[in-house]
Amino acid sequence: MEKEKALSILKESLIDFSEKQKKLTIADLQNEVMNLVCLEILKKRKNNSTDLEKMVYAFNDFVMDIVPFSRAFTAAAQELFPIEYDISKTIFAIEAIKTNLLLDNSWELLREYFIEKHEHDINDDLNSDNNFLNQSNTIK
């Protein structure tokens, strides 16, 4: 994923988050980065699979996406918040993303997060061309 696309997705997500939650902390930023990376990787797997279980357990496929997606979104966060989002947060995010993607219930946890923070059910995005941020589901 290119940093420019990640920057666009992150900006829109942070605007939506701020409007719904009325504030944005550095911890919130960190959670948004990690959850957006996981969501984009899992959506990509889902778009290439007909079975949700295959999507979650397709370890060999999504491992290849962790670094470029994480790099794009953490670089975007560093561009938006150069002082607050430092290298320690980047390192933490990458490790947490790997861990989160390996959870058996990673999709359901993401779904709960986006319902709580964005008032949006990400399951609705799987069968449409757009998601709640008006981004294409097709990730290149």
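A continuous path of ILVMFWY side-chain contacts below 4.5 Å connects Phe92 to Val37, so both sit in one hydrophobic cluster. Following chains of ILVMFWY side-chain contacts shorter than 4.5 Å, one can reach Leu24 starting from Tyr85, so the two form part of one hydrophobic cluster. Under the 4.5 Å side-chain heavy-atom criterion for ILVMFWY residues, a single connected hydrophobic cluster contains both Leu36 and Leu80. By the criterion of side-chain heavy atoms lying less than 4.5 angstrom apart, applied directly or through intervening Ile, Leu, Val, Met, Phe, Trp or Tyr residues, Met1 is grouped together with Leu110 in one hydrophobic cluster.
A donor-acceptor pair shorter than 3.5 Å cannot be found between the side chains of Ser13 and Asp16. For Glu32 and His118, the side-chain atoms include at least one donor-acceptor pair closer than 3.5 Å.
The CZ atom of Phe17 sits 5.0 Å away from the NZ atom of Lys117 when rounded to the nearest 0.5 Å. To the nearest 0.5 Å, atoms CG (Asp104) and CD (Glu108) are separated by 13.0 Å. Atom CG of residue Asn100 and atom CG of residue Leu103 lie 5.5 Å apart, to the nearest 0.5 angstrom. Rounding to the nearest 0.5 angstrom, the gap separating the NZ atom in Lys43 from the SG atom in Cys38 is 12.5 Å. Atom-to-atom distance recorded for Phe73:CZ and Leu7:CG is 9.5 Å, nearest 0.5 angstrom. The CD atom of Gln30 sits 8.0 Å away from the OG atom of Ser88 when rounded to the nearest 0.5 Å.
Shown here are the salt bridge (charged side-chain N to carboxylate O under 4.0 Å, His left out) partners of Glu95, two or more places apart in sequence or in another chain: Lys98. Residues satisfying the side chain to side chain donor-acceptor pair (under 3.5 Å) test with Asn31, not counting sequence neighbours, are none.
Using a 4.5 Å heavy-atom cutoff, the side chains of Glu4 and Ser8 are not in contact. When side chains are defined from C-beta on, Phe114 does not count as touching Asn123, because their heavy atoms never get closer than 4.5 Å. The shortest side-chain heavy-atom distance between Lys89 and Ile26 falls under the 4.5 Å cut-off. Side chains of Thr90 and Asp86 form no contact here, defined as non-hydrogen atoms less than 4.5 Å apart. Side chains of Arg111 and Asp121 form a contact here, defined as non-hydrogen atoms less than 4.5 Å apart. Side-chain contact check for Ile97 versus Phe69: every heavy-atom pair is 4.5 Å or farther apart.
Here the shortest heavy-atom pairing between Arg71 and Thr74 reads O-OG1, 3.3 Å. Listed here is the closest heavy atom pair of Ala6 and Ala76: C-CB, 4.1 Å.
Electrostatic pairing of Glu2 and Lys5 does not count as a salt bridge here, judged by no charged N lying under 4.0 Å from a carboxylate O. Remark: Lys3 engages Glu79 in a salt bridge, criterion side-chain N to carboxylate O under 4.0 Å.
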*Start with the C-alpha gap between Ile122 and Tyr113, add the side-chain angles, then the distance that decides, and say whether side chain to side chain contact (heavy atoms under 4.5 Å, CB included) holds.*
CA-CA 10 Å; Ile122 59 175; Tyr113 174 83; over 6 Å; no
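Only one option out of Ile9, Val33, Leu29 pairs with Leu14 in a side chain to side chain contact (heavy atoms under 4.5 Å, CB included); it is Leu29.
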